[in-house]
Number of protein chains: 2
Amino acid sequence: MPSTSFTIGQAAERTGLSVHTLRFYEKEGLFATPVRRVGGQRVYSENDLRWLHLCTRLRASGMPLPAIREYAALVREGTRTMRARHALLRHHREHITDQIEELHRCLDLVSLKLAMYEEHLATDADDPLWPGTCPTEEQPLT
Amino acid sequence: MPSTSFTIGQAAERTGLSVHTLRFYEKEGLFATPVRRVGGQRVYSENDLRWLHLCTRLRASGMPLPAIREYAALVREGTRTMRARHALLRHHREHITDQIEELHRCLDLVSLKLAMYEEHLATDADDPLWPGTCPTEEQPLT
DNA sequence: GTAGGCCCTAGAGCCGGCTCTAGGGCAAAC
DNA sequence: GTTTGCCCTAGAGCCGGCTCTAGGGCCTAC
């Protein structure tokens with residue numbers, strides 16, 4: 001098995017990134033320029049795709065490009081940077097859990113609002129049952 | 001109780017938004033221009049702050065400004081837009097839960113990587129125990 | 001041999017969301 | 001009366017992260 005290889009188009013399809021974005025990431029140093037075929041076409045290995053997949057997840061969880069670049073650089077430097085990479089990822093994991101917590105707080109608020117709306121919609125089909133506490137009609141429920 | 005009121009500076013402090021951002025949000029239609037004092041200074045009521053607080057939560061959960069503007073417009077139109085607002089919020093709640101799920105997927109991947117690193121760091125303090133499967137030293141662990 | 005399809009580079013453009021600047025006003029404190 | 005501090009408007013600028021354009025090459029099929 002010659003360890004399947006992919007063109008940029010195939011890589012794009014498989015990672016969900018656009019061809020543009022792949023080249024852009026490369027230019028930004030998110031990964032070393034991949035092998036080229038004669039004629040200059042990029043050849044992506046399965047390893048490359050795995051790396052790209054990791055990148056998309058890091059991006060999706062809000063890691064900025066410079067941080068990913070840094071991580072990529074460490075990877076390229078070999079095993080002796082393991083501790084640094086470990087630290088970087090731990091830091092990012094915290095960032096992720098923070099985001100999840102924040103989203104839960106938002107979710108709670110939105111759910112509360114929704115519950116209020118549902119109560120109103122249920123009890124008084126169309127009537128503005130809410131007492132006239134808002135002469136300006138400014139804050140009917142927000 | 002004259003229902004305490006706030007200057008823009010105080011509102012900024014209390015909402016965690018900058019003074020600039022408050023004016024920016026207003027210009028963007030996230031809320032109706034608040035009452036002005038003689039001289040033109042904005043006066044924020046507690047209600048306004050509550051609304052702003054909701055806005056920050058909506059923003060923090062990724063609702064774009066145009067959507068918040070739309071919601072604000074509906075609020076201003078009064079009770080008869082309740083259903084529309086309800087729909088909008090339900091839609092957004094789904095968006096939030098999607099984000100949480102996505103973040104969990106990222107978290108899983110990162111945690112997995114971290115576990116790998118930890119195993120390596122534990123077993124072979126400094127040695128590149130990982131077998132020489134990577135002649136290019138390209139992918140020591142990613 | 002030429003048309004179609006995919007690839008290349010360099011660099012400009014766009015979009016959302018702020019963030020800041022310039023230039024100026026009001027009002028209380030010294 | 002001027003300094004200090006907060007406020008005002010209009011509009012420009014910035015940043016991250018893409019996204020697209022222009023101009024061109026290679027290869028395969030017809």
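Numbered from 1 within each chain, the chains take letters A, B, ... in sequence-line order.
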For this session: Respond yes when some side-chain nitrogen or oxygen of B:Y25 is under 4.0 Å from OP1 or OP2 of C:dG17, and no when none is.
Result: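 B:Y25 to C:dG17 OP1/OP2: no side-chain N or O under 4.0 Å.
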Exercise. OP1 or OP2 of D:dC7 less than 4.0 angstrom from a side-chain nitrogen or oxygen of B:T7, does that happen here?
Worked result: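 Checking D:dC7 against B:T7, a side-chain N or O does come within under 4.0 Å of OP1 or OP2.
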Atom-pair distance ([atom1] on [X]; [atom2] on [N]), nearest Å:
X: A:I68; N: D:dC18; atom1: CD1; atom2: P; value: 9 Å
X: A:F6; N: C:dC6; atom1: CZ; atom2: P; value: 17 Å
X: B:L65; N: C:dT19; atom1: CG; atom2: P; value: 12 Å
X: B:R59; N: C:dT19; atom1: CZ; atom2: P; value: 11 Å
X: A:F24; N: C:dG13; atom1: CZ; atom2: C1'; value: 13 Å
X: A:E28; N: D:dG17; atom1: CD; atom2: P; value: 9 Å
X: A:L30; N: D:dG17; atom1: CG; atom2: P; value: 10 Å

Show the distances under 3.5 angstrom between N or O atoms of the protein and N or O atoms of nucleotides 8-10 of chain C.
| unit_1 | atom_1 | unit_2 | atom_2 | d |
| --- | --- | --- | --- | --- |
| C:dC8 | OP1 | A:R42 | N | 2.9 |
| C:dC8 | OP1 | A:R42 | NH1 | 2.7 |
| C:dC8 | OP2 | A:R23 | NH1 | 2.4 |
| C:dC8 | O5' | A:R42 | NH1 | 3.4 |
| C:dT9 | OP1 | A:R36 | NH1 | 3.4 |
| C:dT9 | OP1 | A:R36 | NH2 | 3.0 |
| C:dT9 | OP2 | A:R42 | NH1 | 2.9 |
| C:dT9 | OP2 | A:R42 | NH2 | 2.6 |

For this session: With sequence neighbours excluded, tell me which residues meet side chain to side chain donor-acceptor pair (under 3.5 Å) with A:S61.
Result: A:H92
Exercise. With A:R105, which residues qualify under side chain to side chain donor-acceptor pair (under 3.5 Å), at least two apart?
Worked result: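 For A:R105, the residues satisfying side chain to side chain donor-acceptor pair (under 3.5 Å) (neighbours in sequence not counted) are A:E102.
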Problem set entry | Contacts of type salt bridge (Lys or Arg N to Asp or Glu O under 4.0 Å), residue B:R42, not counting sequence neighbours |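 Salt bridge (Lys or Arg N to Asp or Glu O under 4.0 Å) check on B:R42 returns B:E26.
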Exercise. Mind checking what makes salt bridge (Lys or Arg N to Asp or Glu O under 4.0 Å) contact with B:R80, not counting sequence neighbours?
Worked result: B:E77
Exercise. Relative to each other, are the rings of A:Y117 and B:H86 parallel, tilted or perpendicular (30° and 60° limits)?
Worked result: perpendicular
Exercise. Looking at residues at least two apart in the chain, or sitting in another chain, which of them share a side chain to side chain contact (heavy atoms under 4.5 Å, CB included) with B:R59?
Worked result: B:Y25, B:L65, B:I68
For this session: Nearest-nucleotide wise, let me know which of A:Q10 and B:S18 is further upstream toward the 5' end of DNA chain C.
Result: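 Mapping each residue to its closest nucleotide by heavy atoms, the 5'-most match is A:Q10.
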